[in-house]
Amino acid sequence: MAEREGIRDMLRGLRVFAGPLAAFDPATAPDDPVELFVEWLGEAIAAGVPEPHAMTLATAGADGAPSARVLILKDLTDEGWSFATTTSSVKGRELAENPRAALLFFWGPQGRQVRLRGPVELAGARERAADFSARPLEGRVAGLHGRQSQPLDSLETVHATAEESRARLEADPGLVPDDWGLYRLVPTEVEFWQADPDRRHTRLRYRRRDTGAPWERGLLWP
């Protein structure tokens with residue numbers, strides 16, 4: 001208990017936004033948030049930010065209880081931000097019940113966040129199959145045996161099932177599980193957040209009434 005009592009002081013003593021931080025002038029931002037995201041992503045990659053394509057996906061089922069986890073961005077087009085999972089997973093089931101979600105990218109060394117919200121669409125069968133086939137072998141092995149978030153009796157069961165899945169793929173390299181899902185978040189809101197050491201953060205939000213409407217943008221208080 002004594003150790004836990006010191007956690008607050010320990011947390012408050014940690015440095016944040018130590019810098020050097022990236023610069024951002026919202027007056028020069030493009031009209032399309034996709035263009036700005038691609039620019040920021042490129043700068044994160046060039047700066048050596050670890051796993052800059054990692055993002056937090058937040059979903060909620062019919063009961064409204066939120067869930068969040070880190071995934072990898074699979075693609076970005078004018079249609080939206082893509083990620084993959086099985087339709088039978090917790091997130092897949094929640095998206096079936098409530099097809100809306102939020103994404104968060106955090107590039108700490110640069111003091112940047114990008115937040116997105118909007119409806120989520122499930123891609124067609126051909127596109128889902130192509131996405132699965134393009135995955136590395138171990139990714140296909142993991143996606144093939146499924147069971148994500150189900151109770152597990154032992155780690156040995158995971159290894160045994162993985163070997164079974166590998167054998168199935170070796171016998172049929174074109175095998176695609178029926179429950180493989182490729183999802184696309186089509187945002188109605190995108191916010192670009194740039195940290196400031198004095199907490200005078202810059203926040204630029206793009207917003208539209210629906211996915212077919214033009215973007216409007218404006219600044220937000222930090």
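It should be emphasised that the depicted structure is a prediction, and the values quoted were computed from it without experimental measurement.
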Throw together a table of side-chain donor-acceptor distances under 3.5 angstrom for residues 27-42, partners on residues two or more places apart or in other chains.
from, atom 1, to, atom 2, distance (Å)
T28, OG1, D25, O, 2.8
D32, OD1, V34, N, 2.9

Next item on the list: Taking all heavy atoms of P177 and all of G143, pick out the closest pair and write down the distance.
Entry: CG-O, 3.8 Å

Note to self: Please determine whether residues W215 and L219 belong to a single hydrophobic cluster, defined as Ile, Leu, Val, Met, Phe, Trp and Tyr linked transitively by side-chain heavy-atom distances below 4.5 Å.
What the structure shows: yes

Notebook entry, point to check: Any salt bridge (Lys or Arg N to Asp or Glu O under 4.0 Å) pairs touching residues 128-143, not counting sequence neighbours?
Noted result: E138-R166

Next item on the list: May I have all residue pairs that pass ring-ring contact (aromatic ring centres under 6.0 Å, His included) and include part of residues 163-186, sequence neighbours excluded?
Entry: F83-Y183, F132-W180

Notebook entry, point to check: Should L182 and M55 be counted in the same cluster of Ile, Leu, Val, Met, Phe, Trp and Tyr side chains packed under 4.5 Å apart?
Noted result: no

Next item on the list: With sequence neighbours excluded, give me every salt bridge (Lys or Arg N to Asp or Glu O under 4.0 Å) pair touching residues 195-220.
Entry: E191-R203

Checklist line | Connected via hydrophobic side-chain network under 4.5 Å: V186 and L122 | finding: no

Next item on the list: Write down the atom of S133, the atom of V176, and the distance for their closest heavy-atom approach.
Entry: OG-CG2, 4.0 Å

Item checked: Contacts of type side chain to side chain donor-acceptor pair (under 3.5 Å), residue H145, not counting sequence neighbours -> S165

Notebook entry, point to check: If you round to the nearest 0.5 Å, how far is CG of L185 from CG of L95?
Noted result: 9.0 Å

Notebook entry, point to check: Does any non-hydrogen side-chain atom of T157 lie less than 4.5 Å from one of L152?
Noted result: yes

Note to self: For a side chain to side chain contact (heavy atoms under 4.5 Å, CB included) check, start with the C-alpha distance between R168 and L144, then their side-chain angles and the critical distance, and finish with the verdict.
What the structure shows: CA-CA 9 Å; R168 292 174 62 193; L144 187 61; 3.9 Å; yes

Item checked: Listed once per pair and sorted, the salt bridge (Lys or Arg N to Asp or Glu O under 4.0 Å) pairs that draw on residues 58-82, sequence neighbours left out -> R69-E94, E79-R184

Check: What's the verdict on side chain to side chain contact (heavy atoms under 4.5 Å, CB included) for L76 and S82, showing C-alpha distance, side-chain angles and the deciding distance?
Finding: CA-CA 6 Å; L76 171 60; S82 297; over 6 Å; no

Checklist line | For the student: nearest non-hydrogen atoms of H53 and I72, plus distance | finding: CD2-CG2, 3.3 Å

Item checked: Atom of L204, atom of P26 and distance for their closest heavy-atom approach -> CD2-CB, 4.2 Å

Item checked: Residues in salt bridge (Lys or Arg N to Asp or Glu O under 4.0 Å) contact with E97, at least two apart in sequence or another chain -> none

Margin query: Under a plain distance cut-off of 3.5 Å, with no hydrogens placed, do D179 and S88 share a side-chain donor-acceptor pair?
Written below: yes

Margin query: Checking T188 now: which residues fulfil side chain to side chain donor-acceptor pair (under 3.5 Å) with it, not counting sequence neighbours?
Written below: none

Under 3.5 Å, side-chain donor or acceptor atoms of residues 101-114 against the rest of the protein: list the pairs with distances, not counting sequence neighbours.
from, atom 1, to, atom 2, distance (Å)
W107, NE1, P52, O, 2.9
Q110, NE2, E43, O, 3.4
R112, NE, Q194, OE1, 2.7
R112, NH1, E43, OE1, 2.6
R112, NH2, A23, O, 2.8
R112, NH2, E43, OE1, 3.3

Check: Who are the side chain to side chain donor-acceptor pair (under 3.5 Å) partners of T85, not counting sequence neighbours?
Finding: S89, K91

Next item on the list: Check side chain to side chain donor-acceptor pair (under 3.5 Å) between E156 and all other residues, then give those that pass, not counting sequence neighbours.
Entry: S154

Item checked: Residues V49, I45; criterion side chain to side chain contact (heavy atoms under 4.5 Å, CB included); working and verdict -> CA-CA 6 Å; V49 175; I45 295 172; over 6 Å; no

Margin query: Which Ile, Leu, Val, Met, Phe, Trp or Tyr residues join W193 in one cluster when any pair of side-chain heavy atoms under 4.5 Å counts as a link?
Written below: V16, F17, L21

